[in-house]
Amino acid sequence: MAKKQVKEIVEELLRDFLAENNYELYNVEFIKEGRDWFLRVYVDKLQDGEDAWISTQDCENVSRFLSEKLDETDPIPQNYYLEVSSPGLDRALLKEEHYIRFTGEPVEVKLYQPVDGRKQINGILKGLKDETVFVTDQQNKTWELPLRQIAKTKLAVVF
């Protein structure tokens, strides 16, 4: 089954449940690792429009609900392991809305090709406009990085 179809099926099965429980679907992955398939569902929690911590109990609630729905409908022909978790503190920014939501936060940006001799830019996410990510580093230099040149952007965990 195509990965995109699996994502769409999971989104549809979870839509109402997530909305009723103030959860947000952050990402879905359906990937093969070795001989095994994994359906990984990353959920977040919103409270009054603000970020809130998702607990292991929240993940368990989503997992039980989704597992039951997947068993009922049986839309995925091969065997797989279901994993439900938080996207984590160092979550990857995958969609335009992630870049908007986390504007002002510290990020690590890894590039496919070096820009000014650097393949990684660390700094504060200043925003996304016209498929260009803006990051200001510690030297106060603002980097304008086209999305197509970015291999991965994730939130930086600062201690």
Side-chain angles (χ1 to χ4, degrees), residues 1-113 119-122 125 127-129 131-133 135 145-159:
M1 173 170 277
K3 293 177 186 181
K4 186 170 184 170
Q5 287 176 317
V6 171
K7 285 183 175 188
E8 291 168 355
I9 289 167
V10 170
E11 288 172 4
E12 181 63 32
L13 290 173
L14 284 175
R15 184 172 290 119
D16 293 339
F17 178 80
L18 295 178
E20 290 167 10
N21 292 283
N22 294 321
Y23 299 140
E24 171 191 40
L25 185 61
Y26 194 84
N27 191 30
V28 176
E29 297 175 345
F30 187 60
I31 58 174
K32 188 172 185 180
E33 293 180 359
R35 296 183 338 190
D36 298 319
W37 282 91
F38 291 86
L39 175 57
R40 293 191 175 115
V41 178
Y42 299 92
V43 293
D44 222 351
K45 191 173 192 177
L46 294 176
Q47 203 165 20
D48 299 325
E50 304 235 348
D51 293 329
W53 297 105
I54 190 132
S55 70
T56 53
Q57 183 63 53
D58 294 322
C59 292
E60 184 178 335
N61 294 343
V62 174
S63 179
R64 286 178 192 267
F65 176 85
L66 181 58
S67 181
E68 185 178 300
K69 291 297 182 186
L70 288 168
D71 286 347
E72 284 174 14
T73 59
D74 200 22
I76 304 170
Q78 64 262 56
N79 292 332
Y80 59 91
Y81 294 97
L82 173 63
E83 297 176 354
V84 177
S85 69
S86 158
L89 292 175
D90 62 344
R91 66 191 61 198
L93 304 185
L94 305 168
K95 304 172 186 170
E96 188 172 315
E97 56 260 28
H98 295 163
Y99 284 92
I100 294 166
R101 176 174 167 189
F102 294 106
T103 295
E105 297 294 327
V107 293
E108 296 173 4
V109 180
K110 293 185 180 178
L111 305 169
Y112 289 115
Q113 300 294 322
K119 281 192 78 172
Q120 182 169 323
I121 310 295
N122 297 337
L125 178 62
L128 171 72
K129 184 177 181 187
E131 299 206 5
T132 300
V133 175
V135 176
L145 307 166
L147 272 175
R148 69 182 182 284
Q149 292 181 356
I150 296 175
K152 184 175 188 176
T153 301
K154 67 179 190 170
L155 293 182
V157 179
V158 180
F159 295 99

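Values below: every heavy atom of this structure, side chains too, minus hydrogens, waters and symmetry copies.
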Which atom of Asn79 lies closest to which atom of Trp37, heavy atoms considered: O-CB, 3.5 Å
Asn61 and Asn21, any side-chain heavy atoms less than 4.5 Å apart: no
Val107 and its side-chain contact (heavy atoms from CB on, under 4.5 Å) partner, picked from Leu125, Asp90, Ile121: Leu125
Side chain to side chain contact (heavy atoms under 4.5 Å, CB included) against Asp36, all qualifying residues, sequence neighbours excluded: Phe38, Tyr81
Contact check, side chains of Tyr42 and Glu29, non-hydrogen atoms, under 4.5 Å: yes
N-O pairing of Glu105 and Arg91 below 4.0 Å: no
Side chain to side chain donor-acceptor pair (under 3.5 Å) against Glu20, all qualifying residues, sequence neighbours excluded: none
Nearest non-hydrogen partners of Gly127 and Thr103, listed with the distance: CA-OG1, 3.7 Å
Smallest separation among heavy atoms of Val43 and Pro87, with atom names: O-CD, 3.1 Å
Residues, nucleotides or ligands: over 12 heavy atoms within 6.0 Å of Glu131 CD: no
Plane angle bin for Phe30 and Tyr80 - parallel if under 30°, tilted between 30 and 60°, otherwise perpendicular: perpendicular
Donor-acceptor contact present, side-chain Thr132 to main-chain Leu128, <3.5 Å: no
More than 12 heavy atoms from other groups under 6.0 Å of NZ on Lys95: yes
Candidate list Arg40, His98, Lys7, test side-chain contact (heavy atoms from CB on, under 4.5 Å), partner Asn27, passing option: Lys7
Heavy-atom pair of closest approach, residues Asn122 and Val135: C-CG1, 4.4 Å
Minimal non-hydrogen separation, Cys59 against Ser86, with atom names: SG-N, 3.8 Å
Presence of salt bridge, Arg64 and Glu60, under 4.0 angstrom: yes
CG on Asp16 to CZ on Phe65, rounded to 0.5 Å: 7.5 Å
Pairwise salt bridge (charged side-chain N to carboxylate O under 4.0 Å, His left out) hits with a residue in residues 71-81, at least two apart: Lys69-Glu72
Min side-chain heavy-atom separation Glu97-Glu24 under 4.5 Å: no
Any side-chain heavy-atom pair of Thr73 and Glu12 under 4.5 Å: no
Over 12 foreign heavy atoms within 6.0 Å of CD, Glu96: no
